[in-house]
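Before any comments, here is the structure.
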There are 2 protein chains.
Amino acid sequence: MREKLEKYFSYVFEKELLDEIVQVGVYKKLRENEVLVDLGDKMKGIPLLLEGAIKIVREDKKGDEILLYFLERGDTCASSFASAISNGKCGIRAIAEKESEIIFLPKEKLDEWLVKYKSWRSFVIDSYNIRLNEMMETIDSLAFMRMDERLYKYLTDKAQIMRETSLNTTHQDIAYDMHTSRVVISRLLKQLENEGKIKLHRNKIEILEF
Amino acid sequence: MREKLEKYFSYVFEKELLDEIVQVGVYKKLRENEVLVDLGDKMKGIPLLLEGAIKIVREDKKGDEILLYFLERGDTCASSFASAISNGKCGIRAIAEKESEIIFLPKEKLDEWLVKYKSWRSFVIDSYNIRLNEMMETIDSLAFMRMDERLYKYLTDKAQIMRETSLNTTHQDIAYDMHTSRVVISRLLKQLENEGKIKLHRNKIEILEF
DNA sequence: TAAATTACGTGATTTCAATCACAAAATAAT
DNA sequence: ATTATTTTGTGATTGAAATCACGTAATTTA
């Protein structure tokens with residue numbers, strides 16, 4: 001745990017803070033598709049992502065869902081932070097897109113560290129900002145882009161997060177993330193293939209052009 | 001300034017912090033439609049909203065815009081906070097929807113107060129959370145709702161923020177905020193009027209049902 | 001290996017919103 | 001008061017996406 005922590009956080013956190021994290025943090029391995037946070041959960045702390053990729057999804061009453069953004073190593077879940085500190089509920093669901101490793105930090109320390117460590121304050125503020133910006137990008141996509149553009153952005157973004165040029169996914173899964181129907185996705189994927197940007201296989205999409 | 005500050009923030013901030021705010025804060029009155037923050041601005045501090053209503057808008061390269069959310073008294077602009085602390089640019093525009101009063105807090109104090117005042121930490125974290133939740137609501141609207149539902153939500157939300165049951169606005173203005181065309185808005189407004197939810201006048205919309 | 005399930009392909013139709021085109025009413029400017 | 005501008009109303013058309021309805025291919029399961 002210490003190694004991984006050093007690897008991605010030694011330039012982010014002060015030595016003393018790293019020590020504290022090692023002491024109180026709980027290491028956890030997530031298997032693919034494991035649900036880390038679910039709608040309405042009360043958070044007992046927040047996760048630091050050491051390795052892997054986590055999908056953050058919003059769901060409404062009717063069960064419709066839409067992808068908000070992905071987290072990658074070095075990230076934390078800003079929604080959890082608020083929820084943890086205020087004892088409120090979390091309005092999102094977090095699912096591991098692939099096997100991932102996290103350190104779970106207990107909420108009792110979160111406020112204490114804000115006082116003690118400048119690096120922690122920066123990290124928290126930065127995290128919020130990154131997340132606000134991601135949300136704005138999502139809003140941009142929904143408000144300004146056509147479905148084919150959104151789809152291509154989805155594919156390239158996800159490939160980047162997953163650090164792969166091929167995605168193992170079905171058309172239906174993409175449709176869920178983008179809140180549209182499988183038929184629409186299938187057609188647009190075929191169109192992207194005809195444009196030479198991707199190559200389609202069963203359960204797999206190769207991205208040829210970024 | 002002290003009075004207004006006490007009125008909305010005496011239960012939020014400690015006495016010592018209120019004193020500091022009075023010392024370093026710069027009071028400013030905004031006239032209707034005044035631009036408080038523009039795209040790409042570097043923030044030298046953050047605004048506390050004492051009175052009035054401020055619209056936060058996102059704009060893309062092509063000049064298309066969409067409303068993100070409204071701020072009301074007691075609120076602050078979370079986007080500015082990050083931008084101020086990190087010296088980064090602000091991706092939004094803030095416009096006074098009506099005459100408003102703010103206190104501008106210089107960025108030098110923001111981090112210092114995080115260490116000194118528990119109430120400041122809570123306020124900042126809460127602000128971020130409220131904003132994240134507002135953004136999620138905006139995403140919900142865009143992803144899950146039809147235009148007529150979005151429009152009705154827009155009208156009732158705005159009426160609430162403005163503390164009026166009538167809105168002084170044109171169909172075109174609404175169209176800009178919702179990133180659609182005037183024709184679409186006119187038709188849907190007429191439809192809402194036929195349903196008895198609103199009453200239309202020139203430059204004015206009465207909301208009959210909340 | 002046969003049957004069931006899952007994933008993908010594609011035509012046809014419908015719906016919601018965007019766009020075009022124009023007219024009428026209200027208000028502001030000269 | 002006449003003209004110009006702004007705001008609103010509405011028919012007709014187009015376009016993107018959603019939905020319906022199948023068919024086929026690849027995999028799994030029995």
Side-chain angles (χ1 to χ4, degrees), chain A residues 32-33 60 62-67 138-155 158 166-207, chain B residues 32-33 60 62-67 138-155 158 166-207:
Chain A
E32 192 173 332
N33 293 322
D60 77 347
K62 283 180 295 179
D64 292 326
E65 56 172 78
I66 187 153
L67 173 74
T138 304
I139 289 174
D140 285 351
S141 302
L142 287 168
F144 305 137
M145 289 163 71
R146 277 205 319 282
M147 195 63 90
D148 56 344
E149 301 175 277
R150 279 179 60 202
L151 177 57
Y152 186 59
K153 177 169 160 49
Y154 171 90
L155 295 173
K158 180 157 178 180
S166 284
L167 300 176
N168 292 305
T169 178
T170 66
H171 300 185
Q172 182 62 69
D173 286 341
I174 299 176
Y176 284 139
D177 280 354
M178 295 183 57
H179 190 249
T180 178
S181 70
R182 198 270 312 166
V183 185
V184 169
I185 295 296
S186 289
R187 268 193 249 271
L188 294 175
L189 282 173
K190 184 56 69 182
Q191 185 185 302
L192 286 174
E193 185 173 45
N194 291 337
E195 292 169 11
K197 293 181 179 168
I198 62 174
K199 180 126 181 42
L200 297 175
H201 311 268
R202 189 186 169 90
N203 288 319
K204 185 176 154 190
I205 300 171
E206 262 181 90
I207 290 145
Chain B
E32 193 173 330
N33 293 322
D60 77 347
K62 284 179 294 177
D64 293 325
E65 55 172 78
I66 187 153
L67 172 74
T138 304
I139 289 174
D140 285 351
S141 302
L142 287 167
F144 305 137
M145 288 162 74
R146 277 204 322 281
M147 195 62 89
D148 56 343
E149 301 175 278
R150 280 179 60 203
L151 177 57
Y152 186 60
K153 177 169 159 50
Y154 171 90
L155 295 173
K158 182 157 177 180
S166 285
L167 301 175
N168 291 305
T169 178
T170 67
H171 301 183
Q172 182 62 69
D173 287 340
I174 298 175
Y176 284 139
D177 280 353
M178 294 183 56
H179 191 249
T180 178
S181 71
R182 198 271 312 166
V183 184
V184 170
I185 294 297
S186 289
R187 268 194 247 273
L188 294 176
L189 282 174
K190 183 56 70 183
Q191 185 184 302
L192 287 174
E193 185 173 45
N194 291 336
E195 292 169 10
K197 294 182 179 167
I198 62 174
K199 180 126 183 39
L200 297 175
H201 310 268
R202 190 184 170 91
N203 288 319
K204 184 175 156 190
I205 300 172
E206 262 182 89
I207 291 145

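Each chain gets a letter, A, B and so on, in the order its sequence line appears, and its residues count up from 1.
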Practice problem: Could you grab the distance from atom CG of A/Leu189 to atom CG of A/Leu151, nearest 0.5 Å is fine? | Solution: 5.0 Å
Quiz prompt | Side-chain-base donor-acceptor pair under 3.5 Å for A/Arg202 and D/dT24 | solution = no
Quiz item: Which residue, A/Arg146, A/Arg150, A/Met145, forms the side chain to side chain contact (heavy atoms under 4.5 Å, CB included) with A/Asp148?
Solution: A/Arg146
Self-check item: side chain to side chain contact (heavy atoms under 4.5 Å, CB included), paired with A/Asn203, selected from A/Thr169, A/Leu167, A/Asn168, A/Thr170
Solution: A/Thr170
Self-check item: Residue whose nearest DNA chain C nucleotide is more 5′ - A/Thr170 or B/Val183
Solution: A/Thr170
Exercise. For B/Leu188 and C/dT19, give me the distance from atom CG to atom C1', rounded to whole Å.
Key: 15 Å
Quiz item: To the nearest angstrom, how far is A/Tyr176 atom OH from C/dT6 atom P?
Solution: 11 Å
Practice problem: Nearest whole angstrom, please: distance from the P of D/dT6 to the CG of B/Asp173. | Solution: 13 Å
Quiz item: Of all the choices, C/dA12, D/dG11, C/dC16, which nucleotide is nearest to the side chain of A/Arg187 once you look at every atom?
Solution: C/dA12
Quiz item: So which one's nearest nucleotide on DNA chain D is more toward 5', A/Val184 or B/Glu193?
Solution: B/Glu193
Quiz item: Between B/Ser186 and D/dT7, does any side-chain N or O lie under 4.0 Å from OP1 or OP2?
Solution: no
Practice problem: In whole angstrom, give the distance that lies between atom CD1 of A/Ile185 and atom C1' of D/dA18. | Solution: 12 Å
Self-check item: A/Lys190, nearest nucleotide to its side chain (from C/dG9, D/dT8, C/dA7)
Solution: C/dG9
Quiz item: Rounded to the Å, how far apart are B/Met145 CE and C/dT15 C1'?
Solution: 18 Å
Practice problem: Please confirm whether the backbone N or O of A/Ala143 pairs with a side-chain atom of A/Asp140, one donor and one acceptor, at under 3.5 Å? | Solution: no
Self-check item: side-chain contact (heavy atoms from CB on, under 4.5 Å) between B/Glu65 and B/His179, worked out
Solution: CA-CA 6 Å; B/Glu65 55 172 78; B/His179 191 249; over 6 Å; no
Quiz prompt | Sugar-phosphate only, base, or nothing, as touched by B/Arg182 at under 4.0 Å among non-hydrogen atoms | solution = base
Quiz item: Whole Å only: how far is the CG atom of A/Leu151 from the C1' atom of D/dA17?
Solution: 13 Å
Exercise. Grab the CG-P distance between A/Asp148 and D/dA16 for me, whole Å please.
Key: 9 Å
Quiz item: Quick one: A/Gln191 CD to D/dG15 P, roughly how many Å, whole number?
Solution: 15 Å
